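Accompanying notes for the structure given below.
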Amino acid sequence: MASLCLNSWPLSPPSQPPKLSEAPSPSSSSLNINSYYGSKGEASKPIVVSGNPPTFVSAPGRRIVAVGDLHGDLDQTRCALEMAGVLSPDGQDLWTGGETVLIQLGDILDRGEDEIAILSLLRSLDIQAKDEGGAVFQVNGNHETMNVEGDFRYVETGGFDECIDFLEYLDDNRDDWEEAFVGWTGVSKQLKEDRKMPQNYWDPWNLVRRQKGVIARSILLRPGGPLACELARHAVVLKVNDWVFCHGGLIPNHVAYGVERMNREVSHWMRGLSDSDESDNPHFPFIATRGYDSVVWNRLYSRDTSELDDYHNNQIHSILEETLHAVGAKAMVVGHTPQTTGANCKYNCSIWRIDVGMSSGVLNSRPEVLEIKDNKARVIRSKKDTSSESQVVDFI
């Protein structure tokens, strides 16, 4: 029987180290990053990351905050991060989360005009968080993989303009990508204010500029391009403590294929690298990036359960439980499908759906974030909202 709990959902105590179908191998990139993620905090043990890109993360005692799809809306992004307590509200873009672990679930690209600025902001916060014993992780979504494929169907005019400005900015700062990329958020604001765009969409100069924007975006995001290589730093599946995070949804055949293997293949593809000396072309990671049931496109767990009969709901619940057992997780967090009623959990709260369509290019809804703390999970909404904690189904 289900009962409503107005506060938080208590998780089971941390389990013994799970038997993963693919545990990190000794040869994988495994870091004990006490100094890497800061040595100021004495209360918490160091964060340990395995995999390249990061796949398995042990973050003992950390507060975890997850943020869904952002789609190029920098203002809404800042609002969500401030609400989560990890970004200063003074416009200085300072990390205020201490040892918090922030996870962004993909779809930063498309539908907005500040895509690169958001990527830059998150990288800046990651650098700052490490000094405080915290961390910022991202997972790639379907719009990241689409853009690396050259699919620009959902790019706004302002998004192409940002690519032109950013590419020109890189030409002036080609000596230090890291410094240039981290500094882009502040630079882009001024460039947007200075830019004077023609009013008529069909003005010849406007059409030329759009063509220039497509070329600039292709240079930046093609496999091996500077922004594609930046995206390649991030996983498509990330497991932090007893939680697994991905954009669309993980299913058993993904785990059987190998979580770390998928992450590595997507990263290599984005970098334009080949896994074999016999081929000049990198292996295309179909299981992760293409098809309705791929990791970044899967909507199995995000459907409206009221539209499904008991048989199909039970099937989905069974698949979810099998997946979580296989990967050794208590629950999964996904984005990808806007939840018009706000972030929520289903199937005994073993799945959390946190894409609320906050971008002005989607639903322009109020930002919401998921907080996991002391083995409890809750949705943080606007402080102006009296019911700021989610109503969560607690199955007994």
Side-chain angles (χ1 to χ4, degrees), residues 20-25 27-30 49-57 68-70 103-110 115 119 122-123 126 136-152 154 217-218 220-240 244-276 279-300 323 326-327 329 332-336:
L20 299 176
S21 60
E22 182 192 22
S25 64
S27 61
S28 66
S29 174
S30 181
V49 178
S50 297
N52 184 21
T55 302
F56 303 101
V57 178
D69 304 32
L70 300 174
I103 301 167
Q104 198 283 322
L105 288 177
D107 275 12
I108 290 173
L109 300 186
D110 291 340
E115 306 154 282
L119 291 169
L122 290 175
R123 174 70 96 88
D126 181 36
V136 177
F137 295 101
Q138 296 169 236
V139 298
N140 286 316
N142 61 302
H143 282 268
E144 280 72 42
T145 61
M146 287 167 64
N147 273 266
V148 176
E149 286 188 74
D151 185 344
F152 300 157
Y154 300 98
R217 196 172 185 94
S218 299
L220 291 169
L221 282 162
R222 66 189 177 193
L227 276 183
C229 288
E230 180 66 26
L231 295 176
R233 298 174 63 251
H234 311 305
V236 290
V237 180
L238 179 71
K239 183 172 180 282
V240 181
V244 62
F245 301 85
C246 55
H247 181 69
L250 196 68
I251 54 179
N253 69 301
H254 297 151
V255 183
Y257 185 83
V259 171
E260 193 167 4
R261 177 185 176 186
M262 283 192 299
N263 285 342
R264 183 175 61 252
E265 288 180 352
V266 173
S267 181
H268 279 205
W269 165 63
M270 288 182 166
R271 294 179 191 276
L273 302 176
S274 174
D275 287 330
S276 171
S279 173
D280 294 330
N281 298 317
H283 172 70
F284 187 83
F286 188 93
I287 192 171
T289 63
R290 283 265 189 92
Y292 72 93
D293 61 348
S294 64
V295 176
V296 301
W297 281 99
N298 185 13
R299 299 185 193 273
L300 180 66
T323 305
V327 80
M332 187 185 304
V333 185
V334 298
H336 188 42

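Since we're looking at a predicted model, the values are computed, not measured. Heads up: numbering here begins at 1 and tracks the sequence. Computed from heavy atoms alone, side chains included, the values below leave out hydrogens, waters and symmetry copies.
Annotation: salt bridge (Lys or Arg N to Asp or Glu O under 4.0 Å) contacts of Glu115 (sequence neighbours excluded): Arg217. Every residue meeting the ring-ring contact (aromatic ring centres under 6.0 Å, His included) condition with His143, not counting sequence neighbours, appears here in chain and number order: His71, Tyr154. Under the ring-ring contact (aromatic ring centres under 6.0 Å, His included) criterion, Phe152 pairs with no residue, sequence neighbours left out. Residues meeting the side chain to side chain donor-acceptor pair (under 3.5 Å) test with Asn253, sequence neighbours left out: none. In terms of the side chain to side chain donor-acceptor pair (under 3.5 Å) criterion, residue partners of Arg271 (sequence neighbours excluded) are, by chain and number, Ser267.
Using a 4.0 Å cut-off between charged side-chain N and carboxylate O, Glu265 and Arg261 make a salt bridge.
Among Val327, Val296, Val295, Val255, the single residue meeting the side-chain contact (heavy atoms from CB on, under 4.5 Å) criterion with Val237 is Val295.
The closest donor-acceptor contact from the side chain of Glu144 to the backbone of Leu109 lies under 3.5 Å. Put simply, the side chain of Gln104 gets close to the backbone of Gly68: a donor and an acceptor are under 3.5 Å apart.
Here the shortest heavy-atom pairing between Met262 and Ala288 reads SD-CB, 4.2 Å. Considering every non-hydrogen atom in both Pro54 and Ala235, the closest pair reads O-CB, 3.2 Å.
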Note to self: The test is side-chain contact (heavy atoms from CB on, under 4.5 Å); show your working for Glu230 and Leu119 and say whether it passes.
What the structure shows: CA-CA 9 Å; Glu230 180 66 26; Leu119 291 169; 5.5 Å; no
Show which side-chain atoms of residues 245-252 pair as donor or acceptor with protein atoms under 3.5 Å away, not counting sequence neighbours.
from, atom 1, to, atom 2, distance (Å)
His247, ND1, Leu105, O, 2.9
His247, NE2, Asp107, OD1, 3.4
His247, NE2, Asp107, OD2, 3.1
His247, NE2, Asn142, OD1, 2.9
His247, NE2, His336, ND1, 3.1

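Listed by first then second residue, pairs satisfying side-chain hydrogen bond (donor to acceptor under 3.5 Å, both in side chains) with a partner in residues 284-297 read Glu149-Arg290, not counting sequence neighbours.
With a 4.5 Å cut-off on side-chain heavy atoms, Trp269 and Val148 count as touching. In this structure, Val139 and His234 have side chains that are not in contact, with every pair of non-hydrogen atoms separated by 4.5 Å or more. Taking 4.5 Å as the limit, some side-chain heavy atom of Asn263 sits within range of a side-chain heavy atom of Val259. For the pair Leu238/Val57, a side-chain contact is recorded, criterion being any heavy-atom separation below 4.5 Å from C-beta on.
Atom CZ of Phe137 is separated from atom OG1 of Thr55 by 10.5 Å, given to the nearest 0.5 angstrom. Annotation: the span from Ile108 atom CD1 to Leu231 atom CG amounts to 8.0 Å, rounded to 0.5 Å. Between Met146 atom CE and Asn140 atom CG the span is 13.5 Å, to the nearest 0.5 Å. Considering NE2 of His254 and CD1 of Ile287, their distance stands at 5.0 Å, rounded to 0.5 Å.
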